[in-house]
Structure formats: structure tokens, C-alpha cells
Amino acid sequence: MDGGASQTSRCRHSARMRPPPSHRRPSRSAARPALPERPIDHEGAAALGWTRAALRHALAAGDVVSGGRGVVLGLAGAAPGSPNRRQVERALLDAARASAVRCPRAVISHFPAAVATGMPTVGALSRPCLSVPAGTALRHLVGAHLHRATLPERDLVHAQGDLVTSPARTIMDIAREHGVRAGVVAADYALHEGLVSRGDLADAYEACARWPGRRSARITLLSADGAAESPLESLSRMQFAAAGLPAPLPQAEICSISGEYITRSDFLWDEFGVVGEADGNAKYGPDGRVAVRERETRAKLERAGLIVVQWGWRDLRDFRPVLDRLQLAFARGVRPGSKSRQWGILLPTRLHP
């Protein structure tokens with residue numbers, strides 16, 4: 001009797017200590033479902049192995065995005081201009097349009113407005129943003145991120161048939177909402193393409209100087225540079241500044257000492273004899289021809305005495321190794337006055353707004 005009671009007790013204790021498989025927590029080492037390579041609906045996500053809880057965590061982390069109504073999912077961390085990100089951006093703009101239709105006073109703003117006017121975006125793409133004037137009834141604007149704000153006529157334009165905030169206002173809104181990185185990328189592009197002037201940005205900043213996020217807007221205004229030709233160049237320049245590196249000369253036209261044109265570099269530290277090349281994946285075609293030309297150009301730069309340091313989008317995840325390579329190159333580079341300096345800099349061929 002005692003032995004049977006003891007055995008029963010042990011069984012009950014074992015059952016309490018080891019819950020059935022259906023109630024056990026998933027292993028931390030369990031493989032994560034594959035991220036969708038294109039916008040899909042929730043049924044498609046479930047087919048890939050995504051549970052609702054996993055989707056909630058991925059959305060919070062910015063790994064996937066939702067375009068509203070639980071319909072659109074896609075990659076959030078893709079490089080600006082990549083096919084995956086463009087698909088998500090278009091889905092975000094479509095979701096903003098669908099929400100704006102329900103309220104005549106709503107204006108497409110922030111990231112969706114940037115997409116409508118062609119500006120690149122960086123960072124997680126969340127719910128579509130709309131701006132509405134004070135006193136607007138909001139009960140019909142479900143699924144959008146709403147901003148109550150002053151909307152003067154000067155801040156409104158039409159793009160792709162939609163009423164959106166002007167490029168300068170959009171840049172300041174993005175900086176205030178999403179931070180300096182996103183603001184500078186949009187501002188650099190807009191300056192480079194002539195969508196805005198520095199005066200436009202200054203006026204837009206003054207209009208929002210007392211609004212939340214104004215510090216990020218001010219840093220964006222001071223940091224914007226129309227010489228940048230890609231978001232990767234913009235983000236790289238910000239990394240240089242944060243690390244305290246000397247400011248490079250952007251888009252420098254480099255020639256040999258005999259006058260032969262070599263290339264236009266992304267960044268040049270002439271005092272150290274170092275060239276920086278921010279190479280996005282789109283720079284290289286499947287046939288490798290562009291890559292071959294890049295190798296030939298690098299060889300010419302090195303023959304002229306320059307040290308070339310290259311990096312790409314993946315390096316932005318941890319930029320410290322790139323900074324270390326640049327510092328090493330600065331220490332080894334050819335200084336002014338040396339006979340090994342066999343290069344020159346041509347005068348700028350165009351001015352940036």
C-alpha cells in the first residue's frame with residue numbers, strides 16, 4: 001500500500017515538473033520562419049510557418065511591416081531602392097491612399113508622402129501616416145497613424161494624383177517622427193535632385209521649431225548635403241561624423257599627375273591620400289561588367305598613390321570595422337609634399353543646390 005502510494009506521488013510530482021509537450025515553451029534555438037521576400041497576406045505568412053505571436057514580435061522589431069488591415073507584410077530592413085523595399089513602400093502608399101479617401105481633410109504625410117514624391121526611406125515602415133487639421137473627426141480613419149498638425153497651403157502639393165505634404169515639410173516630419181538618419185537620407189536626395197533648396201528646409205524647420213522632435217529636425221537641417229548621390233553615402237557620412245573622423249571631400253574628380261581622368265570618388269580624404277567608396281549591391285550587374293570596371297579604376301587609383309577603402313550596405317550593421325580600416329589607411333597614406341602623390345583633383349563640374 002505504502003509503495004503504491006509513494007509511486008503515485010512520484011508520478012504526480014513528475015507530471016507537475018514536466019508539462020505535456022503542448023504546453024512547453026518553444027526552444028530558443030528553434031529555427032525562425034523565413035522572412036517573406038514580397039508583400040503577402042496573413043494566410044501566406046501562416047504558410048511560411050509564421051504564428052500570430054511570431055508576427056507580433058517581428059512587427060515590434062521592425063523585421064516585417066504591415067500596410068494596414070492585416071493584409072500586407074514584407075521586409076522592413078531592405079536597402080533603399082531594393083525591389084523588396086520598393087514593394088513595401090508602394091503598399092504603404094496604397095494603404096495611406098485607402099485611408100485618406102475616407103476623410104477629405106486628411107493629407108498623406110511622412111513616409112508615404114516621401115514615397116509619392118520619390119524620396120528614399122530608411123528604417124522600419126509601419127502604419128501609413130496621415131496629417132489632419134485640428135477638429136477633424138477621426139472615427140473613419142482606422143488603420144492609419146494620425147498626426148494633428150497645422151497644414152498651411154504652402155505645405156501641400158499634389159504628387160501622383162494625391163494631396164501630400166511638400167518635400168520640405170515631409171523631410172522635417174520624417175526627421176521628427178523617425179529620427180535624424182531617415183531625415184538626412186530624404187533631405188540629401190531632395191537637395192541633390194533639386195526638389196528643395198536649403199532655404200526651403202530652413203523655412204520648414206522654423207515652422208515646426210516648437211513641435212515635438214524639433215531637435216532631430218534641426219540636426220537634419222544642419223547635416224543635409226546635396227552632394228550625396230545615394231542613401232548609403234548619406235548614412236556613411238553620418239557615421240564618419242559620429243566617429244569624429246575628418247570630413248571628406250564628396251564627389252571629388254580625380255586625375256593622374258599627367259592629367260588623365262581616373263574617376264569621381266564617393267569620398268576623398270586628400271590630406272591622407274585615402275579614397276572611400278560606398279558600393280551598394282545595385283552597382284554590380286549579373287554579368288560582372290561594372291565590377292570589372294571598378295577593379296580597373298581601383299588599380300589606377302592605387303598606381304596614383306591613393307589607398308582605396310570600400311564598404312557596402314551590410315557594413316552599416318556594424319560600421320566599426322570600416323572605421324578601423326579607414327584609420328589604418330589614414331596612418332599609411334601619402335601625405336602632402338611626398339613625391340609618391342601622383343594624383344590631382346579637378347574643379348567641380350557641377351554645383352549642388
Side-chain angles (χ1 to χ4, degrees), residues 78-83 85-90 92-93 96 107-123 125 129 154-205 207-208 216-217 219-238 241 247-253 263-267 276-283 290 313 316 348-353:
S82 66
R85 190 170 185 91
R86 282 197 296 266
Q87 283 184 307
V88 178
E89 287 175 336
R90 286 195 294 268
L92 189 71
L93 177 57
V107 175
I108 296 174
S109 61
H110 297 72
F111 274 161
V115 175
T117 51
M119 288 187 285
T121 67
V122 295
L125 299 169
C129 289
R154 66 175 182 274
D155 286 349
L156 304 180
V157 298
H158 283 87
Q160 300 187 32
D162 301 302
L163 184 63
V164 304
T165 50
S166 67
R169 168 67 180 267
T170 299
I171 290 166
M172 291 296 112
D173 284 346
I174 287 174
R176 293 187 305 103
E177 178 77 10
H178 300 284
V180 175
R181 281 166 48 95
V184 169
V185 165
D188 282 4
Y189 175 88
L191 285 170
H192 184 81
E193 296 298 320
L195 298 179
V196 298
S197 66
R198 289 195 175 277
D200 295 333
L201 290 179
D203 291 342
Y205 168 73
C208 69
S216 293
I219 296 174
T220 294
L221 172 64
L222 297 176
S223 304
D225 186 350
E229 295 187 338
S230 73
L232 180 56
E233 291 181 24
S234 300
L235 296 173
S236 299
R237 189 182 74 251
M238 297 177 67
L249 179 65
Q251 313 306 330
E253 303 275 2
T263 190
R264 184 177 66 191
S265 64
D266 295 335
F267 304 102
E277 290 296 325
D279 298 327
N281 294 334
K283 196 169 185 176
V290 179
W313 275 104
L316 286 180
T349 56
R350 66 169 175 166
L351 299 176
H352 298 282

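No hydrogens, no waters, no symmetry mates; every other heavy atom, side chains included, goes into these values.
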- Task: List the atom of Ala204, the atom of Ala168, and the distance in Å for their closest heavy-atom pair.
- Result: CB-O, 3.7 Å
- Task: On the 0 to 90° scale, with breaks at 30° and 60°, tag the Phe111-His178 ring pair as parallel, tilted or perpendicular.
- Result: parallel
- Can you tell me if Asp266 uses its side chain to pair, donor with acceptor, with the backbone of Ala278 under 3.5 Å? yes
- Backbone N or O of Ala114 within a donor-acceptor pair of the Thr117 side chain at under 3.5 Å? yes
- Query: What is the distance from atom CD1 of Ile108 to atom CG of Leu156, rounded to the nearest 0.5 Å?
  - Reply: 11.5 Å
- Given side chains that start at C-beta, do those of His158 and Leu163 come closer than 4.5 Å, heavy atoms only? yes
- Message: When you compare the side chain of Val164 with that of Val157, does any pair of heavy atoms fall below 4.5 Å?
- Response: yes
- Note on the structure: Here the gap from Asp225 atom CG to Arg198 atom CZ, rounded to the nearest 0.5 Å, amounts to 6.0 Å
- Task: Determine the minimum heavy-atom distance between Ala227 and Pro250, stating which atoms define it.
- Result: CB-CG, 3.8 Å
- Would you give the length of the straight line joining atom CD1 of Ile174 to atom OG1 of Thr121, rounded to the nearest 0.5 angstrom? 7.5 Å
- Query: Heavy-atom distance under 4.5 Å between the side chains of Leu195 and Asp200, does that happen here?
  - Reply: no
- side chain to side chain contact (heavy atoms under 4.5 Å, CB included) between Gln251 and His192: does it pass, once the steps are laid out? CA-CA 12 Å; Gln251 313 306 330; His192 184 81; over 6 Å; no
- Query: Counting distance only, does the side-chain N/O of Glu233 pair as donor-acceptor with the main-chain N or O of Ala228 below 3.5 Å?
  - Reply: no
- What one should report as the nearest heavy-atom pair of Gln160 and Val115 is NE2-O, 3.8 Å
- Query: Do Trp313 and Leu235 touch side chain to side chain, with heavy atoms closer than 4.5 Å?
  - Reply: yes
- Message: Nearest 0.5 Å, please: how far is CD1 in Ile219 from CE in Met238?
- Response: 8.5 Å
- Query: Can you name the closest pair of heavy atoms from Thr220 and Ala175 and give their distance?
  - Reply: OG1-CB, 3.3 Å
- Query: Does Arg154 come within less than 4.0 Å of Asp203, counting only side-chain N to carboxylate O?
  - Reply: no
- Starting at OG1 of Thr263, measure out to CD of Glu277 and round the result to the nearest 0.5 Å. 6.0 Å
- Could you list the residues that satisfy side chain to side chain donor-acceptor pair (under 3.5 Å) with Asp173, not counting sequence neighbours? Arg169, Arg176
- Hey, does Asp155 have a side-chain heavy atom less than 4.5 Å from the side chain of Thr165? no
- Query: When rounded to the nearest 0.5 angstrom, what is the spacing between OG in Ser265 and CG in Leu249?
  - Reply: 7.0 Å
- Query: If you take all heavy atoms of Ser234 and Val185, which pair is closest and at what distance?
  - Reply: CB-CG2, 4.1 Å
- Task: Might you point out which heavy atoms bring Val196 and Pro167 nearest each other, and give the distance in Å?
- Result: CG1-CB, 3.5 Å
